[in-house]
Every structure is written in structure tokens, then in C-alpha cells.
Amino acid sequence: YRAIIDVGVLDVANEGYLIPEKESVEIVGGSSDMLVLDIGENEDKFKIGDLVTFKLKYMGALRLLNSAYIEKRLK
């Protein structure tokens, strides 16, 4: 299965800076405004509207925090 998320290379460089927290998720492509994920056989039962979480390396966090198009929430 594939999933498309609303974050693209204009928001964060996906090469090595954005790491999916679930091992079953892999970034396989993207464009300026979206990333394509391979979610395998969808054992995690992802559906439209679900959150996909990532770990960030420094440059990934820097670009996301400086993007005017990304909503930021502090907990």
C-alpha cells in the first residue's frame, strides 16, 4: 500500500532528515508539496486522516520550524 502525506520537499528535505517512527513505513518519493510512503501491507491499519509520526534530524527540524506552511503546536 501507498500513502500520500501533505508535507513535501519545500517543507523538509526527505533524504535522511525525516525518519518514520514505524518500521513498516518507508519514504519512497515525493514532490514539492507531498511525500509518498510505502506502508507495506498496512498492518498498522492506516486510514485517511491518521497521523504518521517521524523522527527528525537537525536540518529536518530546522526547515519544518521555518516553514510558513506547517502548523506548529507546543505541548
Side-chain angles (χ1 to χ4, degrees):
Y1 290 91
R2 304 289 178 155
I4 298 174
I5 62 172
D6 193 21
V7 172
V9 294
L10 289 177
D11 306 307
V12 62
N14 58 340
E15 295 95 22
Y17 298 118
L18 194 62
I19 302 137
E21 285 193 340
K22 293 197 178 276
E23 291 184 15
S24 60
V25 176
E26 178 184 357
I27 299 171
V28 293
S31 68
S32 61
D33 61 346
M34 68 180 77
L35 288 178
V36 178
L37 307 177
D38 181 341
I39 57 172
E41 294 298 317
N42 197 21
E43 297 93 16
D44 297 305
K45 307 288 188 228
F46 286 116
K47 58 188 179 305
I48 294 171
D50 282 352
L51 295 177
V52 180
T53 56
F54 296 87
K55 296 176 187 174
L56 295 171
K57 291 193 176 177
Y58 175 77
M59 288 305 292
L62 181 66
R63 287 198 49 194
L64 283 170
L65 289 171
N66 282 307
S67 175
Y69 305 104
I70 299 294
E71 178 182 347
K72 292 105 179 153
R73 295 183 192 175
L74 297 174
K75 290 186 178 187

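Residues L51 and F46 share a closest heavy-atom pair of O-CE2, 3.9 Å. When all heavy atoms of L64 and K72 are compared, the pair lying nearest together is O-CE, 3.4 Å.
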Listing, residues 19-34 side-chain donor-acceptor contacts under 3.5 Å, not counting sequence neighbours, or none:
from	atom 1	to	atom 2	distance (Å)
E21	OE1	T53	OG1	2.9
S24	OG	D44	OD2	2.5
S31	OG	D33	OD1	3.2

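Within 6.0 Å of atom CG in D6, 12 or fewer heavy atoms from other residues, nucleotides or ligands are found, so the atom counts as exposed in its surroundings. When the shell of 6.0 Å around NZ of K45 is examined, it contains 12 or fewer heavy atoms from other residues, nucleotides or ligands.
The same ILVMFWY cluster, assembled from side-chain heavy atoms under 4.5 Å apart, contains both I5 and I39. Tracing side-chain contacts under 4.5 Å through hydrophobic residues (I, L, V, M, F, W, Y), one reaches L56 starting from V52; they form part of the same cluster.
If you take CG on L35 and CD1 on I4, they are separated by 10.0 Å, rounding to the nearest 0.5 Å.
Under the 4.5 Å side-chain criterion, counting only non-hydrogen atoms from C-beta, D38 is in contact with R2.
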